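In what follows, chains are A, B, ... by sequence order, proteins preceding strands, each numbered from 1. Model, not experiment: these values are computed from the prediction.
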Amino acid sequence: MQPNDATQAQDTLDGYNFAYLDEQTKRMIRRATLKAVAIPGYQVPFAGREMPLPYGWGTGGIQVTAAVIGPDDTLKVIDQGADDTTNAVSIRRFFARTAGVATTERTTQASLIQTRHRIPEAPLTEDQILVYQVPIPEPLRWMEARESETRKMHALEEYGVMHVKLYEDIAHLGRIATSYDYPVRVNGRYVMAPSPIPKFDNPKMDMMPALQLFGAGREKRIYAVPPYTRVESLDFEDHPFEVQAWDEACALCGATDSYLDEVVIDDAGGRMFVCSDTDHCTQRTASREAAE
Amino acid sequence: MTAAAAMDLSAETPLLRVRDLTRLYGDRVGCEGVSFDLWPGEVLGIVGESGSGKTTLLNTLSARLEPSAGTVEYDTRDAGLTDIYQLSEPRRRLLTRTDWGIVHQNPRDGLRMGVSAGANIGERLMAVGARHYGNIRADALDWMGRVEIRDERVDDLPRTFSGGMQQRLQIARNLVTGPRLVFMDEPTGGLDVSVQARLLDLLRSLVTGMRLSVILVTHDLAVARLLAHRLMVMKDGRVVEQGLTDQVLDDPHHPYTQLLVSSVLQV
């Protein structure tokens with residue numbers, strides 16, 4: 001917990017309910033969430049509210065977080081793996097001010113993690129909840145524009161078109177080039193968009209001990225993967241699912257097993273690879289320095 | 001007639017049994033009181049002028065438009081003759097995707113324009129569970145050859161194809177799962193005459209080779225004569241005359257059929 005967070009925890013905003021949303025709205029979102037947990041991967045419509053930030057900035061995730069957060073929770077917010085980018089900072093401060101909860105950047109200390117585009121590298125536990133911000137919840141959308149039809153396709157398990165998309169990748173590029181928002185099948189039933197996380201993170205979703213909740217604000221959908229649920233990435237028998245790999249190690253902490261961002265450092269073609277998960281990188285660096 | 005020899009005359013149950021099929025649009029009649037049997041390997045032509053109810057009838061037969069009255073029974077592989085409108089929706093959709101094919105007049109209605117030719121052909125295979133890329137692609141290439149599209153076009157989008165090629169691609173996409181019954185709505189409409197002739201040739205050899213049953217809607221009597229074993233002539237939503245194709249066209253009995261036959265330009 002950072003010191004300025006502690007002071008903010010004392011004075012939450014006057015005139016606002018705990019965690020911004022009114023209790024009836026939270027109740028409605030919790031009901032949708034319970035249904036989503038009961039039917040893993042199924043998109044539950046909910047009456048999404050206007051939030052004090054634009055669509056696309058995490059209005060879905062923030063509503064789910066507001067509905068499940070309690071005074072005793074410790075919140076971590078990440079954006080592309082980082083705790084210190086605009087989106088993460090503003091959402092973390094939003095809950096520090098409206099709910100007065102403790103916040104942290106440490107994955108292991110958080111009880112509730114709202115994320116955009118990454119799953120933390122540190123394994124999550126049964127005591128944690130991971131909330132994803134989702135721009136487009138419908139994995140079939142790129143192949144079928146009609147909502148009435150995609151709902152029917154989900155209901156009847158007609159998922160052939162998902163493989164048409166992967167087929168196109170292989171036909172044109174020689175491999176499955178989809179690298180983020182890689183479609184998964186949850187509990188052997190519903191095909192689900194894992195939100196735009198890199199496919200590097202897909203295997204972490206499988207049998208994860210933590211509860212995973214997904215909120216799409218513009219599309220007004222909530223879906224979920226309960227703890228210890230099978231999550232399989234779609235693939236072909238002769239083109240199995242595989243994750244990204246790098247030749248380099250993280251330039252800061254030397255990690256070879258984490259998701260790396262390529263950072264351009266000058267205008268002469270210089271670049272470095274660093275962990276996208278800032279907490280993971282910081283912890284590794286700290287423990288290495290402690291050992292020395 | 002040599003084509004008739006391909007028909008399976010030994011079959012005991014028809015592939016499709018239609019009784020008193022009626023579709024109303026409010027007070028107006030789409031089609032009314034249509035009854036017929038379609039046997040395995042048979043090509044049935046439905047002819048008539050625009051607005052005579054041909055397409056309504058075809059849509060009702062192909063499970064896309066619920067009838068107001070009457071039954072459409074199909075000889076399913078597991079349960080024999082079954083009313084297709086009594087089937088559960090998943091089974092009906094599975095049936096239309098595997099055992100049936102639908103060739104639209106406009107290939108844009110039947111093709112997925114945003115994905116390559118190979119993916120168009122492979123879609124039905126993937127829909128019924130094919131998960132081996134190499135096999136799917138081999139099947140797609142095989143079918144490209146059978147409908148006379150060159151192999152190197154397999155990764156091209158259908159919108160870069162000519163009208164005739166699009167139509168052939170649509171046929172390949174439908175036939176890849178080995179259907180038993182294909183519905184065709186004016187398959188040669190909008191194509192020029194030489195392309196039409198090649199397409200008809202191709203259709204004829206595919207239909208005979210795969211022993212397909214076909215219900216063919218057309219306003220072009222020449223197409224009907226080339227492909228259809230049997231003809232039904234429709235006017236104002238009713239079947240006014242039916243019989244063997246040559247019989248109907250050479251010796252029309254109903255005044256409307258006579259008019260239709262006599263209005264074809266003789267070149």
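In this structure, chain B has no heavy atom under 4.5 Å from any part of Lys165(A). Proximity to chain A (any heavy atom under 4.5 Å) is restricted, for Arg112(B), to the side chain, taken from C-beta onward. Proximity to chain B (any heavy atom under 4.5 Å) is restricted, for Val161(A), to the side chain, taken from C-beta onward. Within the 4.5 angstrom heavy-atom criterion, only side-chain atoms of His172(A), from C-beta onward, approach chain B.
Atoms CD and CG, from Glu237(A) and Asn135(B) in turn, are 7.5 Å apart once rounded to the nearest 0.5 Å. To the nearest 0.5 Å, the span separating CG on Leu157(B) from CD on Glu168(A) amounts to 7.0 Å. Of the inter-residue distances, the one linking Glu123(B) atom CD with Tyr167(A) atom OH reads 12.0 Å to the nearest 0.5 angstrom. The distance from the CZ atom of Arg131(B) to the CG atom of Asp238(A) is 12.0 Å, given to the nearest 0.5 Å. Expressed to the nearest 0.5 Å, how far CD of Glu157(A) lies from CG of Leu94(B) amounts to 12.0 Å. In this structure, CG in Asp169(A) is found 10.0 Å from OH in Tyr133(B), a value given to the nearest 0.5 Å.
Counting heavy-atom pairs under 4.5 Å between each of Arg93(B), Arg97(B), Arg124(B), Arg137(B) and chain A puts Arg93(B) at the top. Most heavy-atom pairs under 4.5 Å with chain A: of the set Pro90(B), Ser116(B), Ala127(B), this distinction falls to Ser116(B).
Contact check for Ile136(B) versus Phe236(A): side-chain heavy atoms found under the 4.5 Å cut-off. The closest side-chain heavy-atom distance from His132(B) to His239(A) is not below 4.5 Å. Contact of the Met162(A) side chain with the Met126(B) side chain is not registered, since no non-hydrogen atoms from C-beta on lie closer than 4.5 Å.
The 12-atom threshold is exceeded at CZ of Phe241(A), counting heavy atoms of other residues, nucleotides or ligands nearer than 6.0 Å. For Glu242(A), the CD atom is loosely surrounded, since the number of other residues' heavy atoms within 6.0 Å does not exceed 12. In Arg198(B), the CZ atom is not crowded: 12 or fewer heavy atoms of neighbouring residues, nucleotides or ligands sit closer than 6.0 Å. The environment of Arg27(A) atom CZ is sparse: at most 12 non-hydrogen atoms of other residues, nucleotides or ligands sit within 6.0 angstrom. Residue Asp27(B) places its CG atom among 12 or fewer non-hydrogen atoms of other residues, nucleotides or ligands, all under 6.0 Å distant.
Below 4.5 Å, heavy atoms of chain A meet no heavy atom from residues 58-66 of chain B.
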